[in-house]
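Heads up: the structure comes next, in structure tokens.
When reading the values below, keep in mind they use all heavy atoms of this one structure, side chains included, and skip hydrogens, waters and symmetry mates. The chains referred to below are lettered A, B, ... by the order of the sequence lines, with proteins before strands, and numbering in each begins at 1.
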Protein chains: 2
Amino acid sequence: MTAETMNWIDRFEGLSKLEAPIRDILTNRSTVVSVPKDTIIFGPGKAPDHLLLLLQGVVRVQQLSENGREIVLYRVHAGESCVLTTACLLAYEDYSAEGIAETDVQAAAIPRAVFDDLIAQSETFRRFVFSAYSRRITDLFMVIEEIAFQRVDIRLAHKLLQLAGTGGAISATHQQMAAELGTAREVVSRQLREFQRRDWITQSRGAIEIIDRAALEKLAATES
Amino acid sequence: MTAETMNWIDRFEGLSKLEAPIRDILTNRSTVVSVPKDTIIFGPGKAPDHLLLLLQGVVRVQQLSENGREIVLYRVHAGESCVLTTACLLAYEDYSAEGIAETDVQAAAIPRAVFDDLIAQSETFRRFVFSAYSRRITDLFMVIEEIAFQRVDIRLAHKLLQLAGTGGAISATHQQMAAELGTAREVVSRQLREFQRRDWITQSRGAIEIIDRAALEKLAATES
DNA sequence: GATGTTTGGTGACTTCGTCACTGAAGCGAT
DNA sequence: ATCGCTTCAGTGACGAAGTCACCAAACATC
């Protein structure tokens, strides 16, 4: 229980220098939870009472609108924390963002009271938390900048490169790609058709494969 | 110096129940600064090393893009804190948002080290800070939702009502209104012309006056 | 193989963003 | 006052993006 369970702390950049007594609090007063893929971890009317530190897997945080459209805000990967949940804990208003397990997920859940203790007692932990906030806010700024000022073809090229594995294969429907960019399905379909016409990608139902990575990178690097 | 200077703490909802020793730290180790209108309080390459608590005035936080366009993210009013600056303190990346004094501004500046002390020692202060973060993040979510999913005429009507004083007068150029919404000046001009045609507003150089508030409210309440 | 569901394709149309240019309004200096 | 400069707003043409209604192909299920 000691060497084995304490190890997860070191997976977090920023927590490796954590003071010994704080490490103990963290290991003893948090629980490791497993969440199956596609579970809604938090969302409207489902406020979590724990801070989650992701050990394994990916959580997608997205925003829903009344008219059924959605946009992906950012992803939380292993080694990162879901600070939005702490924000949510204290939010007087409900907000409409939700977090979904994109893969099977393992996370360390820290109860609200323990979180408060850790913040009070450890400067290292404080740095970790505020740095996480900072990163998320920066992410949100980038999302705003992109949807407000960037053309969709550039953003789509960017996303394709970002989502593609080393082989260039992407498993996503046009609808899902539209949600990534916060636009409409038809817009994505048309852009992908154009990419295909230029032999930059090939498509099949629910899948996209990048053929000419260089061309997409060139488009993605376009200013304005 | 005592009764007079300690008073500003009570202007902050969330700090009124602050423990006495913490109040002392706050009053003795922070300085009240005055900033003239239009000063850039923080921005790219100008990272502040203080947390600011706004005593008087309004700070506008906005995002700039490479191609010269801009969008207003939110405003900080008296009684609120500029948490973004703390995020900025720890941000490893520079971000492109900037804070501008929209009026003459008075603020209590808390040095980074004192901020850390206060966070460590006072649960009340922690609540205050995290609650402020939560509010800002909610604001950013709303901005994203609006620019991604709302029509500009609805958003413009909304902004006009929001910016108008009790008399219905707004002092802003079309360019400034465009920045409020993150759109182009021509778009705002066309929409305002349409509003004027319907006798909802009157315009003159650098000023807009609301005539038919009810009509604008009806439009702003439109779904989708 | 028949049926229903999901996914993608399409055309027509509206809304929004961009570009290039015009003219009007305000302001300061002489 | 009036000349010149700067800021602000109006305009038309066009391209990009979002919306709507509908269809067809691919897949899933029975």
Side-chain angles (χ1 to χ4, degrees), chain A residues 38 63 65-71 143-160 170-198 201-209 219-220 222-224, chain B residues 38 63-71 144-160 170-198 201-209 219-220 222-224:
Chain A
D38 294 330
Q63 163 107 293
S65 82
E66 326 83 31
N67 45 355
R69 270 172 61 187
E70 57 189 61
I71 180 169
V143 170
I144 290 175
E145 168 142 0
E146 285 176 1
I147 58 181
F149 305 133
Q150 286 270 47
R151 298 163 42 113
V152 284
D153 54 350
I154 297 174
R155 297 203 288 138
L156 180 57
H158 204 75
K159 264 293 173 218
L160 288 175
I170 300 162
S171 174
T173 66
H174 293 187
Q175 181 63 62
Q176 287 170 326
M177 290 303 301
E180 293 283 342
L181 304 178
T183 183
R185 198 255 315 159
E186 296 92 321
V187 175
V188 170
S189 290
R190 283 198 276 262
Q191 294 293 346
L192 287 178
R193 175 157 44 86
E194 179 61 17
F195 287 179
Q196 189 174 34
R197 194 190 63 77
R198 299 187 190 179
I201 61 168
T202 56
Q203 295 186 73
S204 54
R205 191 185 171 88
I208 304 163
E209 179 139 8
L219 176 59
T222 311
E223 287 289 318
S224 159
Chain B
D38 295 330
Q63 164 106 293
L64 305 169
S65 81
E66 323 85 29
N67 45 356
R69 272 173 60 187
E70 55 189 62
I71 180 169
I144 290 175
E145 169 141 1
E146 284 177 2
I147 58 181
F149 305 133
Q150 287 269 46
R151 299 165 43 109
V152 285
D153 55 350
I154 297 173
R155 296 202 289 138
L156 180 57
H158 203 75
K159 264 295 173 215
L160 287 175
I170 300 162
S171 174
T173 66
H174 293 188
Q175 181 61 61
Q176 287 171 326
M177 290 303 301
E180 293 284 341
L181 304 178
T183 184
R185 197 253 319 158
E186 296 91 322
V187 175
V188 170
S189 290
R190 282 198 277 263
Q191 295 292 346
L192 286 178
R193 174 156 47 86
E194 179 62 19
F195 287 178
Q196 189 174 35
R197 196 189 62 77
R198 298 186 190 178
I201 62 168
T202 56
Q203 295 186 74
S204 55
R205 192 184 171 88
I208 304 162
E209 178 140 8
L219 176 59
T222 311
E223 287 290 319
S224 157

Original post:
Between dT18(C) atom C1' and Ile154(A) atom CD1, what is the distance in whole Å?
Top reply: 14 Å
**OP:** Could you state the atom-to-atom distance from CG of Leu192(A) to P of dG9(C) in whole Å?
**Re:** 8 Å
Subject >> Any Glu70(B) side-chain heavy atom under 4.5 Å of Gln63(B) side chain >> reply: no
Subject >> Sequence-aligned protein contact record of nucleotides 21-30 of chain D, with B where the base is within under 4.0 Å of a protein heavy atom and S where only the sugar-phosphate is >> reply: B---BBS---
Original post:
With no hydrogens and no angle check, is any side-chain donor or acceptor of Arg69(A) less than 3.5 Å from a backbone partner on Ala179(A)?
Top reply: no
Original post:
Nearest-Å distance, CD (Gln175(B)) to C1' (dT18(C))?
Top reply: 13 Å
Subject >> Distance, nearest 0.5 Å, that separates CD of Glu146(A) from CD1 of Ile144(A) >> reply: 11.0 Å
Original post:
Do Gln150(B) and Glu145(B) have side-chain heavy atoms sitting under 4.5 Å apart?
Top reply: no
Original post:
Do any pairs count as a side-chain hydrogen bond (donor to acceptor under 3.5 Å, both in side chains) and have a residue in residues 182-192 of chain A, sequence neighbours left out, and if so which ones?
Top reply: His174(A)-Ser189(A)
**OP:** Measure the distance from CG on Leu181(B) to P on dT15(C) and round it to the nearest whole Å.
**Re:** 17 Å
Subject >> Between dG11(C) (C1') and Arg193(A) (CZ): distance, integer Å >> reply: 10 Å
Subject >> Contact check, side chains of Gln203(B) and Leu192(B), non-hydrogen atoms, under 4.5 Å >> reply: yes
**OP:** Write down the distance between CD (Gln196(A)) and P (dT7(C)), rounded to a whole number of angstrom.
**Re:** 18 Å
Subject >> Shortest non-hydrogen contact from Ile147(B) toward Ala148(A) >> reply: CD1-CB, 4.1 Å
Original post:
Can you tell me how far P of dC16(C) sits from CG of Leu156(B), to the nearest Å?
Top reply: 10 Å
Original post:
Over how many whole Å does the gap from Ile170(B) atom CD1 to dA9(D) atom C1' extend?
Top reply: 17 Å
Close N/O contacts between protein and nucleotides 16-18 of chain D (under 3.5 Å):
from, atom 1, to, atom 2, distance (Å)
dA17(D), OP1, Val152(A), N, 2.8
dA17(D), OP2, Gln191(A), NE2, 3.2
dG18(D), OP1, Thr183(A), OG1, 3.4
dG18(D), OP2, Thr183(A), OG1, 2.3

Original post:
Tell me, do Glu209(A) and Ile170(A) make a side-chain contact under 4.5 Å, heavy atoms counted?
Top reply: no
Subject >> Phosphate OP1/OP2 of dG9(C): any His174(A) side-chain N/O under 4.0 Å >> reply: yes
**OP:** Give a yes/no on whether any side-chain N or O of Ser189(B) is located under 4.0 angstrom from OP1 or OP2 of dG10(D).
**Re:** yes
**OP:** Side-chain contact test, heavy atoms from C-beta onward, threshold under 4.5 Å: evaluate it for Leu219(A) versus Phe195(A) and give yes or no.
**Re:** yes
